[in-house]
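Working notes, structure below.
Naming: A, B, ... by sequence-line order, numbering from 1 per chain.
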Number of protein chains: 2
Amino acid sequence: MDAAIACFRRRGFHQATMQEICAEAGISAGALYRYFASKAEIIAAIAEDKRGERDLLFLQEAQRSGLIEALCLIAGDFFEKLNAGDGALIADIIAESIRDDVIAQSLSSNDRAGVELIAKAIRDAQARREIDATLEPESAANTLYALIEGIGLRRAFLRETDPVAALLQFRAAAERYLSPRT
Amino acid sequence: MDAAIACFRRRGFHQATMQEICAEAGISAGALYRYFASKAEIIAAIAEDKRGERDLLFLQEAQRSGLIEALCLIAGDFFEKLNAGDGALIADIIAESIRDDVIAQSLSSNDRAGVELIAKAIRDAQARREIDATLEPESAANTLYALIEGIGLRRAFLRETDPVAALLQFRAAAERYLSPRT
DNA sequence: ACCTGAACACCGTTCAAGT
DNA sequence: ACCTGAACACCGTTCAAGT
């Protein structure tokens with residue numbers, strides 16, 4: 001899987017060949033297909049593997065510095081990845097997920113867990129009167145996720161991937177979106 | 001190009017073959033390569049062709065019903081497309097744009113024109129005191145675009161492509177984002 | 001039980017040959 | 001000048017043969 005990550009990052013999902021991944025991993029094509037049923041399944045495994053240990057960090061930051069700082073942690077991470085050249089790969093994963101039900105299912109459970117985590121932090125922040133109490137937590141968490149991904153992909157597309165500028169844009173939008181109504 | 005659209009919609013960008021497009025168009029492979037230098041160039045031509053006549057409609061709606069209704073026109077259009085099954089193709093186009101500088105350049109000029117259009121409508125709405133006057137128009141236009149694309153792609157990924165629900169989500173977020181500060 | 005790597009089916013692209 | 005379609009180089013995947 002490390003070999004596949006290296007190859008995909010270097011050449012993108014569709015450009016990287018199974019032969020290259022085999023060479024990088026030091027195994028034959030037959031052996032690779034013993035562990036992954038297809039090329040698409042390799043992405044699914046990679047993406048699934050990427051989340052997890054960040055969850056704890058997020059909740060800690062939400063308690064210590066507030067919801068928006070915690071969101072900026074996630075957003076900043078994502079923008080760094082895009083700036084490092086993973087944009088096309090991320091878009092490939094999205095495309096592959098939209099097309100393939102099996103991949104979508106294996107990724108969306110992970111995604112829903114992330115949304116639930118943010119929703120929980122939103123409820124905490126509402127209890128602390130830090131943000132608007134009339135926001136529906138799940139829906140707001142989803143919207144914030146969409147905003148992060150949308151800003152990141154747009155910036156990759158427009159070749160404006162400076163992660164600091166991207167984070168400023170997200171922070172400003174999130175503050176407006178979350179601030180209490182009058 | 002109509003043949004390519006039909007094939008891409010039916011099977012996706014990477015799954016559709018040049019042979020299929022040739023058959024659908026009723027020409028040979030050689031003839032196709034007389035008009036398009038590569039498969040990637042066909043997407044670029046399609047995407048470039050898609051905008052244009054909507055611009056006038058947007059400005060009229062912005063004048064008649066306000067900025068948010070006009071934005072909902074664009075967003076609704078986009079969500080309809082995703083619900084009709086174009087999500088994977090759109091993600092493919094984004095991935096291809098991020099990877100390929102030539103495609104990115106040909107698409108981004110069109111994209112910038114769209115952002116400029118929204119920015120203009122934002123300035124008008126600010127003059128009418130309809131929305132927050134402290135928003136920077138270009139940056140806000142970009143953020144709204146990112147929000148539309150982010151919501152749409154996320155919903156396609158999560159298999160929740162009902163365009164009415166998507167539009168409600170966008171409208172609520174846009175209202176919060178644009179409303180005057182206190 | 002697990003791996004190898006040649007072979008298979010198929011792809012995007014080219015170009016000599018036609019009209 | 002423009003088109004045809006067989007041929008080329010190369011891809012993801014398989015499977016008989018090895019260890």
Can you confirm whether the side chains of B:Glu175 and B:Ser179 place a donor and an acceptor under 3.5 Å from each other? no
Under a criterion of less than 4.0 angstrom to any heavy atom of chain A, what are the 5'-terminal and 3'-terminal contacting nucleotides of DNA chain C? C:dC2 to C:dG5
Is the side chain of A:Lys81 donor-acceptor paired with the backbone N or O of A:Ile90 at a distance under 3.5 Å, no angle test? no
Let me know, please, whether A:Ala31 or B:Ala29 comes out on the 5' side of the other along DNA chain D by nearest nucleotide. B:Ala29
Neighbours of DNA chain C within residues 34-43 of chain B, by heavy-atom distance under 4.0 Å: B:Ser38, B:Lys39
Whether the side chain of B:Glu138 engages the backbone of B:Glu116 through a donor-acceptor N/O pair (distance < 3.5 Å, no angle test) should be reported. no
Salt bridge (charged side-chain N to carboxylate O under 4.0 Å, His left out) assessment of A:Glu149 paired with A:Arg154: CA-CA 8 Å; A:Glu149 289 173 2; A:Arg154 261 192 82 65; over 6 Å; no
Could you tell me which residues satisfy salt bridge (Lys or Arg N to Asp or Glu O under 4.0 Å) with B:Asp132, sequence neighbours excluded, listed by chain and number? A:Arg176
From CA spacing to verdict: side-chain hydrogen bond (donor to acceptor under 3.5 Å, both in side chains), B:Gln169, B:Arg155: CA-CA 11 Å; B:Gln169 185 184 359; B:Arg155 282 181 169 267; 2.8 Å; yes
Under the salt bridge (charged side-chain N to carboxylate O under 4.0 Å, His left out) rule, what do A:Arg112 and B:Glu160 come out as? Steps first, then yes or no, please. CA-CA 13 Å; A:Arg112 278 176 222 276; B:Glu160 297 169 357; 3.7 Å; yes
Is it the case that the ring center of B:Tyr177 lies less than 6.0 angstrom away from the ring center of A:Tyr177? no
Kindly say whether A:Ala156 contributes a backbone atom to a donor-acceptor pair with the side chain of A:Arg159 at under 3.5 angstrom? yes
Do other residues, nucleotides or ligands put more than 12 heavy atoms under 6.0 Å from B:Gln63 CD? no
Would you say CD of B:Glu136 has more than 12 non-hydrogen atoms from neighbouring residues, nucleotides or ligands within 6.0 angstrom? yes
Does the A:Glu20 side chain pair with the main chain of A:Thr17, one donor and one acceptor, at a distance under 3.5 Å? yes
5'-most by nearest nucleotide on DNA chain C - A:Gly30 or B:Tyr33: A:Gly30
Per-residue pairing states of DNA chain C in dot-bracket (Watson-Crick or G-U under 3.5 Å; . unpaired, | other strand) read ||.|||||...|||||.||
For A:Phe170, which residues count as a ring pair (Phe, Tyr, Trp, His ring centres under 6.0 Å) partner, sequence neighbours excluded? none
Using a strict heavy-atom distance below 4.0 Å, which residues from residues 8-27 of chain B are in contact with DNA chain D? B:Ile27
